[in-house]
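Input: a single structure, listed below in structure tokens.
Whatever order the structure lists ligands and atoms in, that order sets their numbers, starting from 1. Note that the structure is a prediction, hence the values are computed from the model and not measured.
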Amino acid sequence: MSVPTADADRTAGISPEEYRHALRRHAAGVVIVTLNGRHGPVGFTATSLASLSLAPPLVSFAVAAAASSFPAMQESDSVLVHVLGDHQRELARRFATSGIDRFAEPTNWSPLATGEPMLHGTPTWLRCTVEQRIPLGDHVLVVAVVQQAHVCTTVAPLLYHDGTYHRLGTLDGEPLRRETEQPPDCVTGDAGYPCQDGGCRTGSTTALLSPSDGPTAADR
Ligand SMILES: Cc1cc2nc3c(=O)[nH]c(=O)nc-3n(C[C@H](O)[C@H](O)[C@H](O)COP(=O)(O)O)c2cc1C
């Protein structure tokens with residue numbers, strides 16, 4: 001189901017470490033995807049949620065082929081995507097932890113009438129039916145139609161960036177930085193900005209990270 005290794009090697013322009021280092025710069029909202037599996041409730045934390053289409057209302061997310069949730073995800077016709085609030089960091093951690101019963105105490109949940117496990121206290125959730133599963137690399141991209149949406153706008157979202165959880169801050173009200181100004185930290189040597197703190201690295205020539213550096217794109 002995965003892209004053959006030889007093809008992946010041929011098409012890859014950067015190393016896994018460079019990929020991880022770059023993608024850690026991408027801040028993302030945090031969701032938990034749950035489903036009613038044949039052996040009980042299943043769920044995992046994800047940052048790969050993307051809005052895909054308005055008409056029809058499609059979302060996508062990726063699940064690792066190696067994940068314990070993967071077999072159930074392959075079988076399930078429907079999922080519940082929980083868009084977490086900034087009070088749900090521990091829940092996000094629990095649903096990313098291997099080898100535990102993620103639905104045991106202290107997780108509070110109950111099934112919706114349609115069967116999907118609902119994690120209590122989640123401000124926004126989307127009940128979706130699975131439309132397509134596309135094997136891509138070491139993940140499967142799940143494309144799903146949003147059938148029902150519950151939205152609470154009074155809770156701030158939980159964010160993930162550079163291996164840690166964050167809450168939202170706003171730039172509104174702050175003055176815009178003039179384009180001619182240098183950014184506070186290095187951006188990229190190639191773009192003409194001098195590297196100010198030694199953290200600026202470009203291309204495939206630099207050894208970037210030790211393998212022990214935080215969650216990766218593969219294990220997020
Ligand atoms: C912030 C964050 C985002 C994650 N995003 C994804 C994701 O989009 N897709 C995915 O398959 N796993 C993702 N994971 C990993 C899973 O939550 C989970 O840790 C992984 O499937 C390992 O669980 P397992 O040992 O039960 O297989 C993410 C983990 C974290 C902490």
Side-chain angles (χ1 to χ4, degrees), residues 1-3 8 16 19-52 58-76 78-104 106-107 109 116-119 121-126 128 130-144 146 155-168 209 211-220:
M1 64 124 269
S2 61
V3 174
Y19 175 91
R20 290 182 189 120
H21 187 59
L23 269 293
R24 283 171 70 102
R25 307 314 305 160
H26 182 234
V30 183
V31 306
I32 294 175
V33 180
T34 63
L35 59 90
N36 183 21
R38 85 163 79 175
H39 302 299
V42 171
F44 65 100
T45 298
T47 47
S48 54
L49 182 77
S51 60
L52 198 59
L58 298 176
V59 294
S60 71
F61 59 87
V63 57
S68 61
S69 313
F70 181 79
M73 192 66 248
Q74 286 292 86
E75 290 180 353
S76 185
S78 69
V79 295
L80 199 59
V81 177
H82 301 73
V83 181
L84 301 188
D86 65 0
H87 61 296
Q88 291 179 302
R89 176 181 53 178
E90 287 313 312
L91 198 64
R93 288 210 172 111
R94 199 170 317 140
F95 275 77
T97 302
S98 302
I100 62 165
D101 179 355
R102 296 168 181 167
F103 290 87
T107 302
W109 69 279
E116 303 86 355
M118 143 73 56
L119 300 169
T122 304
T124 296
W125 50 262
L126 310 169
C128 308
V130 175
E131 179 79 4
Q132 232 182 312
R133 295 177 184 85
I134 307 170
L136 292 168
D138 52 14
H139 280 57
V140 163
L141 187 71
V142 178
V143 176
V146 181
V155 178
L158 182 65
L159 305 178
Y160 195 71
H161 174 248
D162 202 15
T164 49
Y165 292 96
H166 295 261
R167 56 165 54 98
L168 204 59
L209 287 177
S212 61
D213 262 18
T216 66
D219 60 23
R220 263 164 281 233

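In this structure, the side chain of Arg167 does not engage the main chain of Ala156 through any donor-acceptor pair within 3.5 Å. Side-chain atoms of Trp125 never come within 3.5 Å of backbone atoms of Leu80 as a donor-acceptor pair (strictly under, hydrogens ignored). The main-chain N or O of Leu158 is never found under 3.5 Å from a side-chain atom of Arg89 such that the two would form a donor-acceptor pair. Looking at Thr122, its side chain never comes within 3.5 Å of a backbone N or O of His82 through a donor-acceptor pair.
In this structure, CD1 in Ile32 is found 8.0 Å from OG1 in Thr107, a value given to the nearest 0.5 Å. The distance from the OG1 atom of Thr164 to the CZ atom of Arg24 is 8.0 Å, given to the nearest 0.5 Å.
Close contacts of ligand 1 with Tyr160, meaning ligand atoms under 4.0 Å from a residue heavy atom, involve 1 (C). If you number the atoms of ligand 1 from 1 as listed, the ones under 4.0 Å from a heavy atom of Ser98 come out as 22 (C), 23 (O), 24 (P), 25 (O). Below 4.0 Å from some heavy atom of Ala67 lie the following atoms of ligand 1, by number and element: 21 (O), 27 (O).
Ligand 1 has an N or O atom lying under 3.5 Å from an N or O atom of Arg102, backbone or side chain. Some N or O of Ser48 is nearer than 3.5 Å to an N or O of ligand 1, by distance alone. Ligand 1 has a nitrogen or oxygen under 3.5 angstrom from a nitrogen or oxygen of Ala64. Backbone and side-chain nitrogen or oxygen atoms of Ala62 are examined, and one is located within less than 3.5 angstrom of a nitrogen or oxygen of ligand 1. In terms of polar-atom proximity, Ala96 is counted as a contact of ligand 1, with an N or O under 3.5 Å from an N or O of the ligand.
With Val142, Leu49, Leu84, Thr45 as candidates, the residue nearest to atom 6 (C) of ligand 1 on a non-hydrogen basis is Thr45.
The shell of residues lying under 4.0 angstrom from ligand 1, judged by heavy atoms, excludes Phe70. Not a single heavy atom of Phe61 sits less than 4.0 Å from an atom of ligand 1. Under a 4.0 angstrom heavy-atom cut-off, Val63 registers as being in contact with ligand 1.
More than 12 heavy atoms of other residues, nucleotides or ligands lie within 6.0 Å of CZ in Arg93, so this atom counts as buried by the packing criterion.
Contact annotation for Met73 and ligand 1: no heavy atom of the residue comes within less than 4.0 Å of the ligand. In Phe95, the part holding a heavy atom less than 4.0 Å from any atom of ligand 1 is the backbone.
Not counting sequence neighbours, the partners of Glu75 by the salt bridge (Lys or Arg N to Asp or Glu O under 4.0 Å) test are Arg38.
Taking the six-membered ring for Trp, Phe95 and Phe44 have ring centres at least 6.0 Å apart.
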